[in-house]
There are 2 protein chains.
Amino acid sequence: MQGDRSHPTAEAIYLRVKNQIPHISLGTIYRNLKVLAEQGLILEIPVADGPARYDFRTDNHYHFICDKCGHAHDIEMPLPTSLTQSLQRSGYAVRTQQILFYGLCPNCKS
Amino acid sequence: MQGDRSHPTAEAIYLRVKNQIPHISLGTIYRNLKVLAEQGLILEIPVADGPARYDFRTDNHYHFICDKCGHAHDIEMPLPTSLTQSLQRSGYAVRTQQILFYGLCPNCKS
DNA sequence: ATAGGTGCAAAATATTTGCTAGGGC
DNA sequence: GCCCTAGCAAATATTTTGCACCTAT
């Protein structure tokens with residue numbers, strides 16, 4: 001699962017895990033995802049008009065949510081650390097950040 | 001409402017509007033917020049662990065959600081347009097973007 | 001009269017929780 | 001046995017929707 005780049009919803013994870021552990025329940029999935037997210041081991045991505053996505057990558061990167069296919073793409077671009085630094089100078093303690101783009105992905109655009 | 005900087009939830013907006021229009025319903029609030037957001041006239045901000053916030057500013061800016069007080073602060077920093085441009089060069093059609101920081105705000109940090 | 005927007009309430013969706021029970025030490 | 005975690009189902013939270021009605025054109 002660590003190598004997963006598909007940003008699945010809790011539901012999708014549930015279905016997948018169920019193949020391995022047929023009696024697992026959705027509640028358990030949510031419970032564990034929440035704990036993992038609190039620990040900072042995974043990333044919870046709340047999305048407009050839909051269930052949250054989960055990301056198993058914890059290195060800083062962006063996401064692009066396609067309006068049409070709904071797929072969440074990883075965007076490989078370096079984070080401008082200047083933003084975080086600037087915030088910290090202003091007295092904010094940044095725990096995590098999230099940069100989200102919405103629009104049409106290359107596939108759906110054409 | 002246009003000058004509002006408090007990033008209210010639909011519920012908060014409902015309560016406020018109800019002062020003016022006592023018989024308004026929450027469903028109508030949601031309905032109208034959704035339309036406005038689709039038109040790009042307001043911004044819908046999905047938040048982890050809570051209801052979406054709405055922002056009446058449409059100029060590009062960031063938000064900082066405090067883990068403790070839950071308040072959404074406006075962060076006044078210029079958007080690096082290079083990111084969007086880079087995405088567009090890669091074939092993405094960017095409709096809107098959203099940069100969200102989570103952590104402790106200056107008030108709650110101390 | 002017709003179109004568009006609304007109230008109301010039910011439905012749909014998403015997530016959390018209480019409680020009981022089972023597995024590992 | 002004790003503790004931790006899970007299953008299950010109910011509860012909660014959030015958002016959307018159907019439908020009848022009202023109002024302005």
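First the proteins, then the strands, lettered A, B, ... as listed; each starts at 1. Reckoned from all heavy atoms, side chains included, excluding hydrogens, waters and symmetry mates.
A continuous path of ILVMFWY side-chain contacts below 4.5 Å connects B/Ile13 to B/Leu15, so both sit in one hydrophobic cluster. Linking Ile, Leu, Val, Met, Phe, Trp and Tyr residues whenever their side-chain heavy atoms come within less than 4.5 Å places A/Val94 and B/Ile99 in a single cluster.
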Distance-only donor-acceptor pairs under 3.5 Å for side chains of residues 101-110 of chain A, two or more places apart:
{"residue": "A/Tyr102", "atom": "OH", "partner": "A/Ala48", "partner atom": "N", "Å": "3.2"}
{"residue": "A/Ser110", "atom": "OG", "partner": "A/Pro106", "partner atom": "O", "Å": "3.4"}
{"residue": "A/Ser110", "atom": "OG", "partner": "A/Asn107", "partner atom": "O", "Å": "3.2"}

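A/Ile45 places none of its side-chain heavy atoms less than 4.5 Å from the side chain of A/Tyr54. Between A/Asn32 and A/Thr28 the shortest side-chain heavy-atom distance falls below 4.5 Å.
Both B/Ala52 and A/Gly27 lie close to DNA chain D; mapped to their nearest nucleotides by heavy-atom distance, the more 5′-ward contact belongs to A/Gly27.
Minimum atom distance to the side chain of A/Thr28 is reached by D/dG7, of the listed D/dG18, D/dT16, D/dG7.
Atom CD in B/Glu11 sits roughly 10 Å away from atom P in D/dT15 (whole-Å rounding). Going from atom CG of A/Leu33 over to atom C1' of D/dT5 covers 15 Å, rounded to whole Å. Atom CG in A/Asp49 sits roughly 6 Å away from atom P in D/dT16 (whole-Å rounding). Distance NZ (B/Lys34) to P (D/dT14): 15 Å, rounded to an integer number of Å. Distance, B/Glu44 CD to D/dT15 P: 7 Å, rounded to whole Å. Taking atom CG of residue A/Leu26 and atom P of nucleotide D/dA6, one finds them 13 Å apart after rounding to whole Å. Whole-Å rounding puts the B/Ile21 CD1 to D/dC22 P distance at 18 Å. Across the protein-nucleic acid pair, A/His23 atom NE2 and D/dT5 atom P stand 17 Å apart, rounded to whole Å.
Residue A/Ala10 is out of contact with every strand shown, counting any heavy-atom pair closer than 4.0 Å.
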Checklist entry - Taking it one step at a time, do A/His73 and A/His63 satisfy ring-ring contact (aromatic ring centres under 6.0 Å, His included)? => result CA-CA 6 Å; A/His73 303 254; A/His63 295 100; over 10 Å; no
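Taking 4.0 angstrom as the limit, B/Tyr30 places none of its side-chain polar atoms (N or O) nearer than this to OP1 or OP2 of D/dT16.
Here the shortest heavy-atom pairing between B/Arg16 and B/Pro8 reads NH2-CG, 3.8 Å.
Nucleotides of DNA chain C lying under 4.0 Å from heavy atoms of chain A occupy a range whose first and last members, 5' to 3', are C/dA14 to C/dG18.
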